[in-house]
Amino acid sequence: MNPISSFFFVLLLTLWPYQILATTTATTATTTTKATAAPKSSDLIAKTCGLTMYQDLCKASLYSIPNSNQADSRGLAGFTLKLALRNATKISKVITKLLHKRLDPVTKKCLIDCSENYIGAIHQIKNSIAALDYKGYYDANTWVSAAMTFATSCEDGFGEQGVPESPVKAKLTTFFQLCENALAIINNLGGIVTS
Ligand SMILES: *[C@@H]1O[C@H](CO)[C@@H](O)[C@H](O)[C@H]1NC(C)=O
C-alpha cells in the first residue's frame with residue numbers, strides 16, 4: 001500500500017472498523033503477495049549498492065527510505081541524490097547561520113564564497129535529479145561532479161588562506177560519499193566508463 005492509500009485505509013478503519021475488516025480480508029491476500037515480493041526488490045538495493053564505493057552508507061541510507069524497495073536502479077540513484085541534496089541544503093543553512101555570527105574578516109570572506117558554492121552545488125544536484133527523469137546519465141554525471149567541485153571550492157577557499165578546513169568540512173564527508181555512490185549507479189545505468 002502506498003502512504004496515501006494506507007492513510008485512507010486507517011481513516012476508514014477508524015470510521016467503520018467492523019465493516020472494513022470484514023470486507024478487506026480478501027484484499028489481505030494480495031497485500032501478502034506484495035510483501036513476499038519485497039525481498040527481490042531489496043536485493044536490487046544490495047546489488048545496486050554493490051556497485052558503489054561506500055556500500056554501508058548506500059544500503060543504510062536507501063533502506064531507510066520508505067518504498068525504496070519498490071524502486072528500480074534509476075529510482076535508487078534518484079533517492080541517493082535527494083539525500084545528497086538534503087545534505088547540501090543542511091550545510092548551506094549551517095553556513096548562513098555562521099555568517100550571522102561575529103567573524104574575523106578572512107573567515108567571513110571564505111564563508112561568503114562557500115555560501116555561493118553551496119547554492120551552486122544545490123542547483124547542480126537538482127539538475128542531476130531532473131536529468132535522471134529523461135535518462136540523461138551523462139548530464140547527471142556532469143552535474144553531480146560539478147556539485148562536488150563546488151563543495152571542494154569551499155574547502156579550497158579556506159585552504160588558500162592557510163586554514164586547513166572549513167567549519168563545515170565534517171558535514172561534507174557524507175555529502176561527498178552520497179555523490180560518489182550516486183555517480184557509480186548513474187555510470188552503471190548509462191554505461192559510462194570512468195578511468
Ligand atoms: C547527510 O545525509 C546522511 C544520510 O541521509 C545523514 O545521516 C546525515 O545526517 C546528513 N548530514 C547532514 C549534515 O545533513
Side-chain angles (χ1 to χ4, degrees), residues 2-3 38 41-101 103 107-133 137 140-159 163-189:
N2 66 39
S41 318
S42 325
D43 283 348
L44 183 63
I45 293 182
K47 202 175 135 204
T48 306
C49 288
L51 302 165
T52 65
M53 208 183 291
Y54 305 98
Q55 305 196 359
D56 291 342
L57 172 68
C58 180
K59 282 184 262 183
S61 56
L62 287 177
Y63 282 128
S64 74
I65 297 173
N67 298 328
S68 59
N69 62 354
Q70 285 159 34
D72 58 8
S73 304
R74 188 155 59 107
L76 295 177
F79 281 135
T80 307
L81 287 177
K82 280 175 191 157
L83 292 172
L85 177 63
R86 207 187 287 173
N87 268 194
T89 307
K90 176 81 207 279
I91 295 170
S92 182
K93 281 183 183 154
V94 169
I95 293 170
T96 307
K97 225 178 198 174
L98 286 172
L99 279 170
H100 282 110
K101 292 188 173 170
L103 301 163
T107 308
K108 185 165 184 172
K109 192 202 161 292
C110 291
L111 278 176
I112 289 171
D113 289 345
C114 286
S115 170
E116 281 160 18
N117 291 150
Y118 276 94
I119 288 170
I122 288 167
H123 186 69
Q124 298 291 347
I125 296 288
K126 284 183 179 165
N127 282 344
S128 61
I129 292 170
L132 286 181
D133 284 341
Y137 302 120
N141 173 308
T142 305
W143 294 328
V144 173
S145 307
M148 295 170 83
T149 304
F150 270 121
T152 306
S153 299
C154 168
E155 294 308 311
D156 290 349
F158 277 93
V163 183
E165 55 185 54
S166 84
V168 294
K169 173 71 188 285
K171 295 185 170 61
L172 170 61
T173 310
T174 320
F175 170 75
F176 248 94
Q177 294 179 345
L178 287 168
C179 285
E180 287 283 6
N181 283 353
L183 277 176
I185 305 170
I186 289 164
N187 290 345
N188 182 61
L189 282 164

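Counting starts at 1 for both ligands and their atoms, following the listed order. The shown structure was predicted, so the numbers you read here are calculated from the model rather than taken from an experiment.
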List, for ligand 1, each N/O atom that has a protein N/O partner under 3.5 Å away, with both atom names and the distance.
| unit_1 | atom_1 | unit_2 | atom_2 | d |
| --- | --- | --- | --- | --- |
| ligand 1 | 2 (O) | N87 | OD1 | 3.2 |
| ligand 1 | 2 (O) | N87 | ND2 | 2.3 |
| ligand 1 | 11 (N) | N87 | ND2 | 3.1 |
| ligand 1 | 14 (O) | N87 | ND2 | 3.3 |

Least distance between heavy atoms, W143 atom then Q124 atom: CD1-OE1, 3.1 Å
Walk me through it: do S73 and L44 pass the test side chain to side chain contact (heavy atoms under 4.5 Å, CB included)? CA-CA 7 Å; S73 304; L44 183 63; 3.9 Å; yes
Provide the closest heavy-atom pair for V94 versus K171 in the form atom of the first, atom of the second, distance. CG2-CE, 4.0 Å
Donor-acceptor pair, distance only, cut-off 3.5 Å: does the side chain of D156 make one with the backbone of G159? no
Around atom CG of D133, are there more than 12 heavy atoms from other residues, nucleotides or ligands closer than 6.0 Å? yes
Partner residues of C110 under the disulfide bond (SG atoms under 2.5 Å apart) criterion, sequence neighbours left out: none
